Amino acid sequence: MPRFRIKKLNNIDPEGLALLGPEYTVSAEEKDPGGILVRSAQVDTDSYPSLLAVARAGAGVNNITVEKATTKGICVFNAPGANANAVAELVFVMLGISARNIHRAINFCRDLAGLSDKEITEQVEAKKAAFRGFELAGKTLGVLGLGKIGVRVANGGIQRQMRVMGFDPSPALENIHQLSPEVSLAKSWKDVVRQVNVLTLHMPFNEKLRHFINADALKLLPQGAILVNYARGSLVDQAAVLDALDSGRLAGYVADFPAAAMLSNPKVIVSPHLGASTEESEELCASMAVQELKDYLEYGTVTNSVNFPTVESVPSDDVHTRLIMINRDVPGMIGFASQKIGAHGINISSYLNASNGAVGYNIIDLGSPVPESVVKEIATHEGVIRTRTIVFANKNNK
């Protein structure tokens with residue numbers, strides 16, 4: 001019989017779903033799932049009473065109520081870097097289209113349909129100068145946000161012989177180690193904006209960053225710069241961008257987020273949210289999300305969570321029950337749990353604890369069953385958010 005009920009929102013790549021075995025049922029109609037797999041659909045975690053975890057097959061999680069999830073001990077995962085190559089490639093495709101006016105040139109050629117070859121040649125020679133663009137080589141590229149995507153874009157700029165400047169307020173060493181030494185790291189985002197011909201955004205979205213690129217930020221850009229947004233639409237104030245396009249401050253806006261106000265502006269090139277839409281990216285995102293969810297449900301381990309600390313532990317053969325305690329990051333929780341378990345004569349095989357500054361996550365491996373009454377005692381502590389037990393089918397409980 002299946003142990004875990006999974007609700008699937010959006011289409012999840014079959015290669016990822018194949019990782020789920022017979023212990024899982026997966027349905028878009030599931031009303032009370034233990035786990036949710038999602039891409040872009042909105043997820044209100046309060047709507048599912050038995051929910052343990054949500055895994056997004058993508059990087060951003062602004063479509064998930066993360067704060068609500070945290071208060072109820074629901075783990076939220078994403079798939080960082082799985083779509084990085086797809087997004088970075090598309091950024092340069094679209095930037096190249098903008099720089100060389102390819103979109104306008106293609107439309108011009110299509111309008112020549114019905115003419116003779118001689119007439120087409122005459123039209124091309126007479127009007128091709130209107131589509132003259134510029135080369136990326138030698139231009140200055142500014143990259144705001146040096147995560148897995150931003151680093152690939154910055155390195156891609158170097159490969160295209162651009163001068164590249166980057167900024168990230170809290171860069172991860174894992175990502176910075178992948179950054180080309182030819183990329184200049186700025187001390188502030190304003191230092192980047194003031195010097196670039198092309199500014200590209202690759203930062204995560206939160207409410208503090210809503211309309212980060214506003215009228216004041218755009219005034220810092222050199223005249224005739226291009227703004228590229230393949231991060232989140234809400235990072236940019238659309239009205240301010242349109243004003244900058246009209247004034248000539250911006251020569252173009254390239255984005256992945258169609259909006260009514262933008263579509264009729266000839267200086268705007270927009271794609272229909274295609275950043276991660278490749279076969280390779282969707283497969284990798286799905287596989288990462290499914291594996292994260294699977295490991296959490298089966299073992300209680302945490303990787304790539306946006307609200308829980310990373311905690312990975314493989315249970316030894318003599319572990320009967322794994323007790324998971326999720327708590328607020330307050331002093332004394334390890335001692336409290338250990339004392340409660342020991343007072344009932346239960347042997348602790350191992351105790352692993354990690355914190356992200358807000359949430360403490362404890363994996364407590366036990367050599368024997370733990371009575372439900374003990375779990376309830378632990379759960380009643382005011383610092384405990386949620387408890388959970390995982391019983392392993394090993395030699396101790398066959």
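Predicted, not measured: the structure shown is a model, and the values here were computed from it. For the numbers below, each heavy atom of this structure counts, side chains included, while hydrogens, waters and symmetry mates do not.
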In short, Ala337 meets Ile364 closest at the heavy-atom pair CB-CD1, 4.2 Å
Gln42 and Leu9 have their tightest heavy-atom pair at O-CD1, 4.3 Å
Between the OG1 atom in Thr389 and the CG atom in Leu366, the distance rounded to the nearest 0.5 Å is 9.5 Å
Stepwise side-chain contact (heavy atoms from CB on, under 4.5 Å) check, Ile385 with Thr71
CA-CA 7 Å; Ile385 299 171; Thr71 62; over 6 Å; no
Can you find a heavy atom in the side chain of Asn229 that is under 4.5 Å from one in the side chain of Tyr253? yes
The reported gap from NZ in Lys118 to CD in Gln123 (rounded to nearest 0.5 angstrom) is 11.0 Å
Point to revise | Same apolar cluster: Phe4 and Leu17, side chain cutoff 4.5 Å | key: yes
(request) Indicate, with yes or no, if Val268 and Leu199 share a hydrophobic cluster defined by side-chain heavy-atom contacts under 4.5 Å among Ile, Leu, Val, Met, Phe, Trp and Tyr. (result) yes
- Kindly say whether Asp32 contributes a backbone atom to a donor-acceptor pair with the side chain of Glu30 at under 3.5 angstrom? yes
Tell me whether the centres of the aromatic rings in His202 and Tyr230 are closer together than 6.0 Å. no
Looking at side-chain heavy atoms only, is the closest gap between Val54 and Thr45 below 4.5 Å? yes
task: May I ask you to test the Leu227-Ile213 pair for a side-chain heavy-atom distance under 4.5 Å?
output: yes
Got a donor-acceptor contact below 3.5 angstrom from the Asp256 side chain to the His273 backbone? yes
How about CZ on Arg100, more than 12 heavy atoms from neighbouring residues, nucleotides or ligands closer than 6.0 Å, or not? no
- Query: Is the number of heavy atoms from other residues, nucleotides or ligands under 6.0 Å of Glu372 CD greater than 12?
  - Reply: no
**Request:** Please answer: with hydrophobic residues joined when any side-chain heavy atoms are less than 4.5 Å apart, are Leu235 and Val228 in the same cluster?
**Result:** no
*Under the 3.5 angstrom rule, does the side chain of Ser281 hit a backbone N or O of Ala276 as a donor-acceptor pair?*
yes
Would you say that Val302 contacts Tyr361 through its side chain, given a criterion of any heavy-atom pair below 4.5 Å between the two side chains? yes
Indicate yes or no for a side-chain donor-acceptor contact from Arg322 to the backbone of Tyr299 under 3.5 Å, with no hydrogens or angles considered. yes
Practice task
Give the intermediate values and the outcome of side-chain contact (heavy atoms from CB on, under 4.5 Å) for residues Leu52 and Leu297.
Solution key: CA-CA 8 Å; Leu52 294 170; Leu297 295 178; 3.7 Å; yes
Heavy atoms of Met262 and Leu242 approach each other most closely as SD-CD2, 3.8 Å
Exam field: side chain Arg104 to backbone Phe108, donor-acceptor pair closer than 3.5 Å
no
Query - Enclosure of Tyr351 OH (heavy-atom neighbours >12, cutoff 6.0 Å) - result: yes
| message | For residues Leu95 and Ile158: do they belong to one hydrophobic cluster (side chain heavy atoms under 4.5 Å, members Ile, Leu, Val, Met, Phe, Trp, Tyr)? | response | yes
Do other residues, nucleotides or ligands put more than 12 heavy atoms under 6.0 Å from the CD atom of Glu122? yes
Is a donor from one side chain sitting under 3.5 angstrom from an acceptor on the other, for Asn62 and Arg232? yes
Exercise for review: Give a yes or no on this: more than 12 heavy atoms of other residues, nucleotides or ligands lie within 6.0 Å of atom CG of Asp117.
Suggested key: no
- side-chain contact (heavy atoms from CB on, under 4.5 Å) assessment of Val164 paired with Val153: CA-CA 10 Å; Val164 183; Val153 171; over 6 Å; no
Scanning both residues in full, the closest heavy-atom pair of Met333 with Met325 reads O-CE, 3.7 Å
Query raised in the report: Are the charged groups of Glu282 and Arg39 less than 4.0 angstrom apart, N to O?
Result: yes
In this structure, NE2 of His344 is separated from CD of Gln339 (nearest 0.5 Å) by 9.0 Å
Side-chain heavy atoms of Asn362 within contact of Leu352, under 4.5 Å:
no
Margin query: Looking at Leu245, is its backbone amide N or carbonyl O close enough to the side chain of Arg249 to form a donor-acceptor pair, meaning the two atoms are under 3.5 Å apart?
Written below: no
Task: Thr65 side-chain N/O to Lys68 backbone N/O, donor-acceptor pair under 3.5 Å - done: no
When you compare the side chain of Ser338 with that of Phe336, does any pair of heavy atoms fall below 4.5 Å?
no
Shortest non-hydrogen pair, Met162 vs Leu141, comes out as CE-CB, 3.7 Å
May I ask you to test the Ile269-Met94 pair for a side-chain heavy-atom distance under 4.5 Å?
yes
Open item on the list: Ring centres under 6.0 Å, that's the criterion: do Phe392 and His320 meet it?
Closed with: no
Rounded to the nearest 0.5 Å, the CG atom of Asp237 sits from the NE2 atom of His211 at a distance of 4.5 Å
When rounded to the nearest 0.5 Å, the distance separating CG of Asn155 from CZ of Arg160 is 10.5 Å
Do Val196 and Phe134 share a hydrophobic cluster, counting only Ile, Leu, Val, Met, Phe, Trp and Tyr and linking them when any side-chain heavy atoms are less than 4.5 Å apart? no
Shortest non-hydrogen pair, Glu298 vs Tyr24, comes out as OE2-OH, 2.7 Å
Test log, rule side-chain contact (heavy atoms from CB on, under 4.5 Å), inputs Ile324 and Thr387:
CA-CA 5 Å; Ile324 305 296; Thr387 58; over 6 Å; no
query = Going by distance alone, is a donor N or O of one side chain under 3.5 Å from an acceptor N or O of the other, for Arg152 and Asn85?
reply = yes
Check: Can you tell me if Tyr296 uses its side chain to pair, donor with acceptor, with the backbone of Phe77 under 3.5 Å?
Finding: no
Separation between CE (Met203) and CG (Asp168), nearest 0.5 Å, reads 8.5 Å
Start with the C-alpha distance between Lys148 and Glu174, add both sets of side-chain angles, then the distance that settles salt bridge (Lys or Arg N to Asp or Glu O under 4.0 Å), and finish with yes or no. CA-CA 9 Å; Lys148 295 184 183 298; Glu174 174 188 2; 3.1 Å; yes
- Assess the side chains of Asp295 and Gln291: does a donor N or O sit below 3.5 Å from an acceptor N or O? yes
Less than 4.5 Å apart, any side-chain heavy atom of Arg5 and any of Ser50?
-> yes
Test side chain to side chain contact (heavy atoms under 4.5 Å, CB included), reference Val192, set Leu220, Leu144, Leu185, output is Leu144
Does Asn10 reach the main-chain N or O of Ser40 with its side chain, forming a donor-acceptor pair under 3.5 Å? yes
Quick one: does Asn307's side chain have a donor or acceptor within less than 3.5 Å of a partner on Ile74's backbone? yes
Going by atom types alone, do Glu67 and Thr70 pair a side-chain donor with an acceptor below 3.5 Å? no
